[in-house]
Amino acid sequence: MCGGPTDAVATRLRSTCEILTNDVSSGRPADTNLDASLELFPENFLAAYSGKRPEWVVISPPYSRALTFVKAAMSLATKGVAFKMPIFFLEPCADRGGWL
């Protein structure tokens, strides 16, 4: 997930499961500081966690690059992805119409 250990979602879920946090900003506390907008993010994530895949990925991506983040999350998660986005993300626009 994106965000640090004090992120609201991480705080809420910590008592129910193992939480791995990631934030691109090295100034924010997180387990890793990988750039999730890069094409190699899934490989970098797996390398950082010795091939361990998360069951769920919970993200609130930047809207302008949301599809990149969601695709990366879906390639890693073994069960599912939850992401906070405006409903317009589900409109079949040129960049995501075929993917939806």
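All heavy atoms count here, side chains included; hydrogens, waters and symmetry mates do not.
- Every residue meeting the side-chain contact (heavy atoms from CB on, under 4.5 Å) condition with M74, not counting sequence neighbours, appears here in chain and number order: V70, V81, W99.
- Residue pairs meeting the salt bridge (charged side-chain N to carboxylate O under 4.0 Å, His left out) criterion with at least one partner in residues 43-54, sequence neighbours excluded, are E18-K52.
- Summarising the geometry, atom OG belonging to S75 is positioned 7.5 Å from atom CG belonging to L46; distances are rounded to the nearest 0.5 Å.
- Across A73 and V57, no two heavy atoms sit closer than the pair CB-CG1, 3.6 Å.
- In terms of the side chain to side chain donor-acceptor pair (under 3.5 Å) criterion, residue partners of S37 (sequence neighbours excluded) are, by chain and number, D35, R65.
- Under the rule for a side-chain contact (heavy atoms from CB on, under 4.5 Å), the partners of A48 that lie at least two apart in sequence or sit in another chain are T32, L34.
- Not counting sequence neighbours, the partners of Y49 by the ring pair (Phe, Tyr, Trp, His ring centres under 6.0 Å) test are F45.
- Annotation: side chain of L76 is in contact with side chain of F41 (closest heavy-atom distance under 4.5 Å).
- Remark: P61 engages I59, A66, F69, F83, M85 in a side-chain contact (heavy atoms from CB on, under 4.5 Å) (not counting sequence neighbours).
- Side-chain atoms of D31 never come within 3.5 Å of backbone atoms of N22 as a donor-acceptor pair (strictly under, hydrogens ignored).
- Contacts of S25 classified as side-chain contact (heavy atoms from CB on, under 4.5 Å), with partners at least two apart in sequence or in another chain: D23, R28.
- Applying the salt bridge (charged side-chain N to carboxylate O under 4.0 Å, His left out) rule to pairs touching residues 68-93 yields E55-K79, sequence neighbours excluded.
- Residues meeting the salt bridge (Lys or Arg N to Asp or Glu O under 4.0 Å) test with E39, sequence neighbours left out: none.
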